[in-house]
Amino acid sequence: MLSQFMVLFGFFALVLVSIFWINKAVRMFDRLIGDGQPAWVFLEFTALTLPAVIGVVLPIAGFAGAVYVTNRLSTESELTVMQATGYSPWRMMRPVVIYGLILAVMMSILTHFLIPNSLKTLRMRQAEVAQSISAKFLTEGEFLHPAKGITFYIREITPEGELRNVFLSDQRNREEPVTYSSTKAYLVPEGEGTKLVMLTGLSQTYDREANRLFATHFDDFSYDISTLVSRNPQNHERLEFVSTGDIFMSSSDVAERTHAPIEHVLYEGHSRIQQALLCIIAAMIGFATLLLGTYSRFGVWWQVVTAFLLLVAVKLVEGAVSGAALSSPTMTWLIYLPVLFGVGITIVLLYCASNPGLFRRLLKRKNIRGPA
């Protein structure tokens, strides 16, 4: 059973990760390639988003694998054979628990190490790309808009770095728009900024109020393009980037660095543990629910729907207690209530599976007693 669980989990995880990852990669491709970034930057960015995508998909794949394998075992009467040889539902739950523990270990590696590090590296690389002037300007044959009101065009870029037939329109001042054109230009670093040095060109300024056009020929002219690139400060100390060890060992210091309340810091740390535990709960609920009922020619669709609804109920409990868990550091323990709720559901399901016809007997007993 454990080997079948792992095989089906791998299949569902591969399919779901591909769907989620491709959807995210398409949006990122349009943005990065549209900004003139090379293909290797796109590949790097999509690779950095992969751990977060796997973290979202892993519990779903674990639940789907447990439900599919249990359904197949039930359809092929293998569960009936195991029960006939003396295996109780509690005993058959053992490989499911081991399966859930394996998923929990995978999720722990993701939430405690891979996801924080990948998100932090992704944010740093996004800041570097956002401040890359060459990526915004060195694209030949296209009209670029690196900032609002700015239009930039280069006909050709030579191997020596010379820009030929350059056009720059600055319409940020709507009353006096300015247009620059030159036969050749260069990008010249200067301090922390960059200047566009244009040679043998023309500057045209249009005065809307006087309805006059002023034209000036120049041999050389420098234009500071550093201000055209957004340099918003990036916060590399966001809470989701901090390691779990730092969160629990120095919560106050993390709260000060990330400017987050201490209860949010503790909630982030405990939620990473809770996500791993919920992987176990998802697998156990999926298996235990399909043990209910008897053989039917119509399959076990109602058990599958019930398992899904129970999993939704666990997530609803999680959403209900999250507000209270975030209200105070002393209430953080509430984040584990969905796990306890899931364990309670599993125990009830296994008890019902161990006592087939329980509800029928209770109903019959009630009918025998009759009305008071």
Enquirer: Would you please test Phe143 and Phe152 for ring pair (Phe, Tyr, Trp, His ring centres under 6.0 Å) and show each step?
Expert: CA-CA 6 Å; Phe143 284 93; Phe152 188 69; 10.0 Å; no

Enquirer: Taking the side chain as every heavy atom from C-beta outward, state whether Gln275 and Leu58 have any atom pair closer than 4.5 Å.
Expert: no

Enquirer: Could you grab the distance from atom OG of Ser251 to atom NE2 of His264, nearest 0.5 Å is fine?
Expert: 13.5 Å

Enquirer: Answer yes or no: does atom OH of Tyr68 have more than 12 heavy-atom neighbours from other residues, nucleotides or ligands under 6.0 Å?
Expert: no

Enquirer: With the side chain counted from C-beta on, respond yes when Arg123 and Arg238 share a heavy-atom pair under 4.5 Å apart, and no when they do not.
Expert: yes

Enquirer: For residues Leu199 and Thr183, determine if any side-chain heavy atom of one lies less than 4.5 Å from a side-chain heavy atom of the other.
Expert: no

Enquirer: What's the shortest heavy-atom distance between Ala260 and Leu239, and which atoms?
Expert: CB-CD2, 4.5 Å

Enquirer: Using a 6.0 Å cut-off, check whether atom CZ of Phe218 has over 12 heavy atoms from anything other than its own residue.
Expert: yes

Enquirer: Decide if atom CZ of Phe248 counts as having more than 12 heavy atoms of other residues, nucleotides or ligands within a radius under 6.0 Å.
Expert: yes

Enquirer: For the pair Glu263 and Met331, evaluate side chain to side chain contact (heavy atoms under 4.5 Å, CB included) and give the outcome as yes or no after the intermediate values.
Expert: CA-CA 9 Å; Glu263 55 269 20; Met331 302 296 289; over 6 Å; no

Enquirer: Looking at CD of Gln171 and OG1 of Thr179, how far apart are the two atoms once the value is rounded to the nearest 0.5 Å?
Expert: 6.5 Å

Enquirer: Ala13 and Val57: which non-hydrogen atoms are nearest, and at how many Å?
Expert: O-CG1, 4.1 Å

Enquirer: Apply ring pair (Phe, Tyr, Trp, His ring centres under 6.0 Å) to Phe42 and Phe45, showing your working.
Expert: CA-CA 5 Å; Phe42 162 73; Phe45 276 36; 9.0 Å; no

Enquirer: May I ask you to say whether Glu44 pairs ionically with Arg125, meaning some side-chain N is under 4.0 Å from a carboxylate O?
Expert: yes

Enquirer: Can you check whether Phe287 reaches Met1 side chain to side chain, under 4.5 Å on heavy atoms?
Expert: yes

Enquirer: A quick test of your reading: do over 12 heavy atoms of other residues, nucleotides or ligands sit less than 6.0 Å from NZ of Lys24?
Expert: no

Enquirer: Under 4.5 Å between side-chain heavy atoms, counting indirect links through other Ile/Leu/Val/Met/Phe/Trp/Tyr residues: same cluster for Leu316 and Ile345 or not?
Expert: yes

Enquirer: Assess whether side chain to side chain contact (heavy atoms under 4.5 Å, CB included) is satisfied between Lys148 and Arg172, documenting all intermediate values.
Expert: CA-CA 7 Å; Lys148 186 176 181 180; Arg172 289 176 295 180; over 6 Å; no

Enquirer: Could you report the tightest heavy-atom contact between Gly65 and Leu8, atom names first, then the distance?
Expert: CA-CB, 4.2 Å

Enquirer: Using 0.5 Å steps for rounding, measure from the CG atom of Leu277 to the CG atom of Leu103.
Expert: 12.0 Å

Enquirer: Identify whether Leu202 and Val197 are in the same connected component of the hydrophobic contact network (ILVMFWY, side-chain heavy atoms under 4.5 Å).
Expert: no

Enquirer: If you look at every heavy atom in Val265 and Ile247, which pair is closest and at what distance?
Expert: O-CG2, 3.3 Å

Enquirer: Between Thr289 and Gly286 (side chain of the first, backbone of the second, donor and acceptor by atom type, cut-off under 3.5 Å), is there such a pair?
Expert: no

Enquirer: Taking it one step at a time, do Phe167 and Tyr153 satisfy ring pair (Phe, Tyr, Trp, His ring centres under 6.0 Å)?
Expert: CA-CA 5 Å; Phe167 172 84; Tyr153 176 83; 7.5 Å; no

Enquirer: Which pair of non-hydrogen atoms, one from Ala185 and one from Leu196, has the smallest distance, and what is that distance?
Expert: CB-CD1, 4.0 Å

Enquirer: Check whether any side-chain N or O of Trp21 sits under 3.5 Å from a backbone N or O of Thr46 as a donor-acceptor pair, and report yes or no.
Expert: yes

Enquirer: Please determine whether residues Leu14 and Phe20 belong to a single hydrophobic cluster, defined as Ile, Leu, Val, Met, Phe, Trp and Tyr linked transitively by side-chain heavy-atom distances below 4.5 Å.
Expert: no

Enquirer: Show, in sequence, the C-alpha distance, side-chain angles and deciding distance for Leu350 and Leu291, and conclude whether the side chain to side chain contact (heavy atoms under 4.5 Å, CB included) test is met.
Expert: CA-CA 8 Å; Leu350 291 176; Leu291 291 180; 4.1 Å; yes

Enquirer: Under 4.5 Å between any side-chain heavy atoms of Ile54 and Leu110, yes or no?
Expert: yes

Enquirer: Roughly how far, to the nearest 0.5 Å, is the CD1 atom of Ile157 from the CZ atom of Arg155?
Expert: 11.5 Å

Enquirer: Please confirm whether the backbone N or O of Gly62 pairs with a side-chain atom of Tyr99, one donor and one acceptor, at under 3.5 Å?
Expert: yes

Enquirer: With distance as the sole criterion, is a donor-acceptor pair present between the side chains of Ser243 and Asp246 under 3.5 Å?
Expert: yes

Enquirer: Between the main-chain N or O of Ile335 and the side-chain N or O of Gln274, is there a donor-acceptor pair closer than 3.5 Å?
Expert: yes

Enquirer: When you measure from the side chain of Ser327 to the backbone N and O of Ala324, does any donor-acceptor pair fall under 3.5 Å?
Expert: yes

Enquirer: Check Leu292 against Cys352 and note the closest heavy-atom contact, atom names and distance.
Expert: CD2-CB, 3.8 Å

Enquirer: Same hydrophobic cluster for Val17 and Leu119, using side-chain heavy-atom links shorter than 4.5 Å among ILVMFWY?
Expert: yes

Enquirer: Test Val314 against Ile285 for side chain to side chain contact (heavy atoms under 4.5 Å, CB included), laying out the working first.
Expert: CA-CA 10 Å; Val314 172; Ile285 289 179; 3.9 Å; yes

Enquirer: Have Glu162 and Tyr186 got a donor and an acceptor in their side chains that come within less than 3.5 Å?
Expert: yes

Enquirer: For residues Val242 and Pro116, determine if any side-chain heavy atom of one lies less than 4.5 Å from a side-chain heavy atom of the other.
Expert: no

Enquirer: So which of Glu268, His112, His270 actually passes side-chain hydrogen bond (donor to acceptor under 3.5 Å, both in side chains) with Thr244?
Expert: His112

Enquirer: Mark yes or no for whether Asn117, through its side chain, and Phe113, through its backbone, hold a donor-acceptor pair below 3.5 Å.
Expert: yes

Enquirer: Would you indicate whether the side-chain heavy atoms of Tyr206 and Pro177 approach each other to under 4.5 Å?
Expert: yes

Enquirer: Would you kindly confirm whether Tyr336 and Ile347 end up in one hydrophobic cluster when ILVMFWY residues are joined by side chain heavy atoms under 4.5 Å apart?
Expert: yes

Enquirer: State whether the number of non-hydrogen atoms from other residues, nucleotides or ligands found under 6.0 Å of Glu240 atom CD is greater than 12.
Expert: yes

Enquirer: With side chains defined as the heavy atoms from C-beta onward, is the minimum distance between Ile150 and Leu168 less than 4.5 Å?
Expert: yes

Enquirer: Would the distance check show the side chain of Asn355 and the main-chain N or O of Tyr351 forming a donor-acceptor pair, the cut-off being under 3.5 Å?
Expert: yes

Enquirer: Between CD1 of Ile281 and CG of Leu310, what distance do you get to the nearest 0.5 Å?
Expert: 12.0 Å

Enquirer: Using 0.5 Å steps for rounding, measure from the CE atom of Met93 to the OG atom of Ser88.
Expert: 10.0 Å

Enquirer: Say whether, by atom type as modelled, one donor and one acceptor occur between the side chain of Ser271 and the main chain of Tyr267 under 3.5 angstrom.
Expert: yes

